[in-house]
There are 2 protein chains.
Amino acid sequence: MTAREPEVLISEVGPRDGLQSVRAVMATPDKFAWITALHAAGIREIEVASFVPAKLLPQMADAAEVVRHALALPGWTVMALVPNLRGAQAALAAGVRKITIPVSASEAHSLANVRKTREEMVEEVRTIVRLRDGAAPDVLVEAGLSTAFGCTLQGDVKEDDVVWLAAQVAAAGVDECGLSDTTGMANPAQVRRLFQRVRAEIGEKTGAAHMHNTRGLGLANCLAAYDVGVRTFDASLGGLGGCPYAPGASGNVVTEDLVFMFEAMGVHTGIDLENLMAARAPLQAGLPGEPVYGMTPEAGLPKGFVQGHAHA
Amino acid sequence: MTAREPEVLISEVGPRDGLQSVRAVMATPDKFAWITALHAAGIREIEVASFVPAKLLPQMADAAEVVRHALALPGWTVMALVPNLRGAQAALAAGVRKITIPVSASEAHSLANVRKTREEMVEEVRTIVRLRDGAAPDVLVEAGLSTAFGCTLQGDVKEDDVVWLAAQVAAAGVDECGLSDTTGMANPAQVRRLFQRVRAEIGEKTGAAHMHNTRGLGLANCLAAYDVGVRTFDASLGGLGGCPYAPGASGNVVTEDLVFMFEAMGVHTGIDLENLMAARAPLQAGLPGEPVYGMTPEAGLPKGFVQGHAHA
């Protein structure tokens, strides 16, 4: 590790997106150990929980406790997902520093997922921003536009719809608007086009690329986003939350592979790859029998690989 | 499928690179069936065999027969790998239309693999070109620079060495010089830099990108090569020839995933994805128990996916 400033922000979503997608419930002390290991690897932003009713997602029943544990570790941004105002109230009460709200770009997905139209979700975002403005003005609010690259319910999603929705949530007051390939349908040309269009519309509020590896294009899509100026990337340690290499699954980009790609390119992530791979042990200990993925951990780092300089 | 001209050439290497990397020997009639299915999918260039002593590679004992079968199918280029002059003589006698010669960019790899220095291999290439010029002047000769992006024996391979070697084989008379990530160590920044440097040195003789998926970067590296003007890509159906997703393995880029990426981007390959996936059946029938890979075949094509137009 060098003293160089990181050039990209890898936002670890495993403890939220990963855990809520597996059947098993990880015990709270195991979550603590895993999150501590991710911190030790140099992760600087982490989505640790969803604030949703425990009867819907028992994996997230300890959300407030987990947030408190993460907040005790210095130098990173502790995030949580909230689907609505009630979740935002709970997240702010727990002390999160950043809230992310999923907003479907596909009307069919929005209705199926939260029983709200997209306009109604934008209104919910506006209400959450108002709450934040009053209660905790230094907390960041992000909207993550899900199904931005395609939808398993309606098929193609119009780019015009995504750009329109980005403008809507920006006007509603979010600090960042990311684009999510929820269904693993994105391709690199589309990623470049859509991020450029969104940036032209909402400028510096353009946020993270949240890519899935459903058809093997996860890293190529992250590269494409990087090429057009995206500097924040969501990823999940061990690809937790849906096998990224299996039938119909929609696994997140594997953090280890994404960090390896950037570091090999000479793009500094601030993350230590050896320590990152070591964070797989507490994940596996806390979820016995749950498969974890990642080609870089399996192949090992290349001979002669030195982190922090371009290869070579 | 439209009448549009293909914009990239996918060079299928499974029957050579794939088969020679598995323990089992595929029966000759099974090879025929598989190759016929690949032809039916619209593959326009195929590496069907290695011309090496049968005692070294029993999988390739039927090379001449396989070449004859492939030559009977119209409209594609039938290639074979040859490591030396003797192999080239046999390949030309069998009637191949294109020869590919592996030349290591790493001196350590060259000595270990063919017991020749790089200079001695360049001399071998020159001799093969002379043979071709006399015996079959319309047959193409390609040099594939292996370990161009790194070597498991010596670690980093100097870019200057690769550029120098490309110039040497170009001067020796090859028609094309490709770059191979034999060891799965390439990264996208390096791929862009090195292909641009090689093109500056040898111009239109710059050939294929032969990428492996060892650390999950195969498609990102192909995208990077495409971005700097590469238009020929080697790939292996089902990732045959080393699990592309397993410990220490060095699997080829999966043809199905690569074709899906390009077609989703609106880059025409001339290959029908449904027929390509159907070509997995004769491969599996001919190699029972051998794992085949590919995330696009496992996930299926996305809802609403129409080949031949950009998504969307």
Side-chain angles (χ1 to χ4, degrees), chain A residues 149-159 183-190 193 213-224 226-227 244-250 254 256-258 260-267 293-306 310-312, chain B residues 149-159 183-190 193 213-224 226-227 244-250 254 256-258 260-267 293-306 310-312:
Chain A
F149 300 93
C151 173
T152 45
L153 299 172
Q154 77 174 43
D156 284 352
V157 172
K158 287 205 184 84
E159 289 183 8
T183 54
M185 291 164 77
N187 71 71
Q190 181 190 25
R193 216 166 44 229
N213 202 33
T214 314
R215 291 176 182 84
L217 274 61
L219 293 187
N221 285 331
C222 288
L223 177 68
Y226 178 81
D227 287 341
Y245 313 131
S250 216
V254 174
E256 300 90 309
D257 292 340
L258 182 65
F260 171 70
M261 180 175 81
F262 280 128
E263 290 290 334
M265 292 171 70
V267 174
Y293 306 94
M295 297 184 61
T296 303
E298 287 179 1
L301 295 176
K303 181 184 170 75
F305 183 80
V306 179
H311 285 261
Chain B
F149 300 93
C151 173
T152 45
L153 299 171
Q154 76 175 42
D156 284 352
V157 172
K158 286 205 185 83
E159 289 183 8
T183 55
M185 290 164 78
N187 71 72
Q190 180 190 25
R193 214 164 47 228
N213 201 32
T214 314
R215 292 176 180 84
L217 275 61
L219 292 186
N221 286 331
C222 288
L223 176 68
Y226 177 81
D227 287 339
Y245 313 131
S250 218
V254 173
E256 300 90 310
D257 292 339
L258 182 65
F260 171 71
M261 180 175 81
F262 280 128
E263 290 290 335
M265 290 172 69
V267 175
Y293 306 94
M295 297 185 59
T296 303
E298 288 180 1
L301 295 177
K303 179 183 171 76
F305 184 79
V306 179
H311 287 261

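Here the structure is a predicted model, which is why all the values come from computation and not from measurement. Convention: sequence-line order gives letters A, B, ...; per-chain numbering from 1.
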Report task. Measure Q154(A) against the heavy atoms of chain B and call it side chain, backbone, both or neither at under 4.5 Å. Result -> backbone
Query - Residue part contacting chain B, namely of C222(A), when any heavy atom lies under 4.5 Å - result: neither
Report task. Measure across M265(B) and P188(A) and return the closest heavy-atom pair with its distance rounded to 0.1 Å. Result -> CG-CD, 3.8 Å
Report task. Any chance you could measure T214(B), atom OG1, to M295(A), atom CE, to the nearest 0.5 Å? Result -> 6.5 Å
Report task. Select one option (side chain, backbone, both, neither) describing which atoms of L223(A) are under 4.5 Å from chain B's heavy atoms. Result -> side chain
**Report entry** Shortest non-hydrogen contact from R215(A) toward G300(B)
**Finding:** NE-O, 2.6 Å
Query - For K303(A) against C151(B), the heavy-atom pair lying closest together - result: CD-O, 4.2 Å
Query raised in the report: Which residues pass the ring pair (Phe, Tyr, Trp, His ring centres under 6.0 Å) test with F262(A), sequence neighbours left out?
Result: Y226(A), F233(A)
Query - Options T296(B), L258(B), V267(B), N221(B), ranked by heavy-atom pairs under 4.5 Å with chain A, top entry - result: T296(B)
Query raised in the report: How many angstroms lie between atom CG of L219(B) and atom CG of L219(A), to the nearest 0.5 angstrom?
Result: 9.0 Å
